[in-house]
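Since we're looking at a predicted model, the values are computed, not measured. Remember, it's 1-based here, ligands and their atoms both numbered in the order they're listed.
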Amino acid sequence: MSDQQRLSRTSVLFPTRAERERLDDFLTRELPRANERVAQGSVVPTFNLAAFKSELAGFDFQAPRPIDELLSWSIAQLEHGVVHMTHPRYFGLFNPAPTFPAECADRIVGAFNPQLATWTTAPAAVEIEAHVLNAVARRAGLPPESVGHCTSGGTEANFTALNCALTRSNPRFATDGARAFSGPPVFYISRESHLAWLKIAHQSGIGRTGARLVATDGSGRLDAHALTTALREDRARGCVPVMIVATAGTTNAGMVDPLEHCAQIARDEGVWYHVDAAWGGALIASDRLRGVLAGIERADSITIDAHKWFATTMGCGMFMTRHATVLSTVFHVSTTFMPSNNVNLDPYVTTAQWSRRFLGLRLFLSLAAAGWVGYGEHVQQSIELMALLKEKLAAQGWTIANDSPLAVLCVEPPPGFGDVRSIATRVITSGRAWIAAAKFEGRDIIRICLTHGEATAQNITELVKALSAGK
Ligand SMILES: Cc1ncc(COP(=O)(O)O)c(C=O)c1O
């Protein structure tokens, strides 16, 4: 095959500059239009699943298809075939409508596709990410020498915390795993924490029973007294406590565990203290509200997801620690084929990933463009709209079940509205809003969370109407 023939076959993969501009222009024009239609339409999928599956089955990848058609087809499937995080009445699970600078970052990064495994291959990118992560860590109150890196999400960041805690507690964990300990290693989370912790315990090799679920205090916060009791009993049984996790903004109800108290217990016990602030951590942006997280600055490590309330595109978690050297102890490995092996610089020896996308640009651009002030207003606005919703629902006889300082509301319906599952199903199938049915402290509740940066009071009024429609 001649070079000419080969190039004509692959030209759709690597088109000319003119062709790239034409297709880019098409996306630039069509995507905002689709987003506008989404905001006017249903929050939930509206497509015919059977027709979609049969179209999809038609892609046998034999004969190439025109790229213009494929791009239009892809936009249409996402416009009609997903629950819309970008819809202002998606009151869901922390998934945000992304900031525009974060979308721009994805486009820029996609075009250059830098490899962040080593500093040598992408010095500018590694430095930008380290810079923004250090700024976030310092804003959370960690000391200036703190370090951080982007992760695929909160789960990877929390996994990193457990690895650090286990290795700090017993350096032989690196070679011998859980066998290195004199008894079963255990860590403490509240039963309202994000239960990806169970998967993390499983994957780390300490097993799911190593994740101790501590009782809550009746209002969704970790019960510090129950924690000290559990620690005492575990030690008496020969277990080895390695970490206490406080959640700053529980997934279900936006509750903040007693951060100061947990920090003190962790210090007294000599164990790692991790704060999982995956969603609630964005409160550090607001001068008015950051006091809610007092005690976070005492953490050994912190998880904050940029892809939650900081509203970057998914997945973009962040792991930060005050102990810079622990990461290279946990993740160090040496090879001959990598261009460098510097434990102070190279992300492949200080993080769980190897090949690494340049995620940090998403938050860097957003934060640089809006400043802490802009993000502060963003979180304050969500909380103010939640206060409005609380007022409106209470006036209609709904019972507020949680007392969160963040933008999550758990509510029990007034008599005559039906059970929470049927209310949630009714609202969701109407396409007018997305909410969840859940349990909070043993009570059946409707969970409503606001993360969308462009939601308005009008959207709140519409949600209230949707909740009472057809009751
Ligand atoms: C408190 C908390 N921690 C961890 C996670 C897991 O984060 P991710 O889904 O980004 O892995 C979540 C997700 O909602 C969360 O709310």
Side-chain angles (χ1 to χ4, degrees), residues 83 85 90-96 98 102 133 136 140 148-163 187-204 211 213-214 216 220-222 243-259 262 273-284 292-293 295-296 299 301-320 351-353 357 359-360 362-363 379 382 402 404-410 434-436 438-440 447-452:
V83 173
M85 315 298 142
Y90 172 75
F91 295 102
L93 301 174
F94 299 155
N95 309 299
L133 267 285
V136 176
H149 57 267
C150 286
T151 60
S152 54
T155 303
E156 183 193 326
N158 285 344
F159 196 175
T160 299
L162 180 59
N163 261 324
F187 68 98
Y188 300 84
I189 48 180
S190 95
R191 66 175 182 209
E192 279 283 321
S193 66
H194 192 278
L195 292 186
W197 282 114
L198 298 181
K199 300 200 294 179
I200 291 168
H202 185 156
Q203 290 173 80
S204 74
L213 292 175
V214 178
T216 48
R221 298 182 185 89
L222 181 144
M243 175 170 77
I244 292 170
V245 179
T247 308
T250 57
T251 317
N252 203 14
M255 303 307 294
V256 179
D257 286 344
L259 302 183
C262 289
Y273 179 41
H274 180 70
V275 175
D276 178 4
W279 180 64
L283 229 57
I284 59 171
V292 166
L293 302 179
I296 193 172
S301 58
I302 301 175
T303 290
I304 300 181
D305 275 351
H307 72 196
K308 290 194 165 70
W309 218 350
F310 277 112
T312 71
T313 46
M314 290 192 277
C316 191
M318 296 185 281
F319 174 81
M320 290 153 281
T351 73
Q353 296 178 19
R357 185 180 167 87
L359 297 174
R362 300 168 181 181
L363 184 61
V379 295
S382 305
N402 67 332
S404 169
L406 311 180
V408 186
L409 202 56
C410 298
W434 200 97
I435 52 171
K439 265 198 189 296
F440 174 64
R447 177 191 179 281
I448 303 164
C449 170
L450 202 153
T451 305
H452 199 297

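- Checked against ring-ring contact (aromatic ring centres under 6.0 Å, His included), F159 has no partners two or more places apart in sequence or in another chain.
- Ring pair H274/W197 is perpendicular by interplanar angle, where above 60° counts as perpendicular and below 30° as parallel.
- Every protein residue with a heavy atom nearer than 4.0 Å to ligand 1 is included here: F94, G153, G154, T155, N158, H194, T247, G249, T251, D276, A278, D305, H307, K308.
- For the ring-ring contact (aromatic ring centres under 6.0 Å, His included) test, no residue two or more places apart in sequence or in another chain qualifies with F440.
- Residues forming a ring-ring contact (aromatic ring centres under 6.0 Å, His included) with Y90 (at least two apart in sequence, or on another chain): W434.
- Using modelled atom types, one side-chain atom of T250 and one backbone atom of M255 make a donor-acceptor pair closer than 3.5 Å.
- Counted by atom type alone, R221 and S190 present zero donor-acceptor pairs between their side chains at under 3.5 Å.
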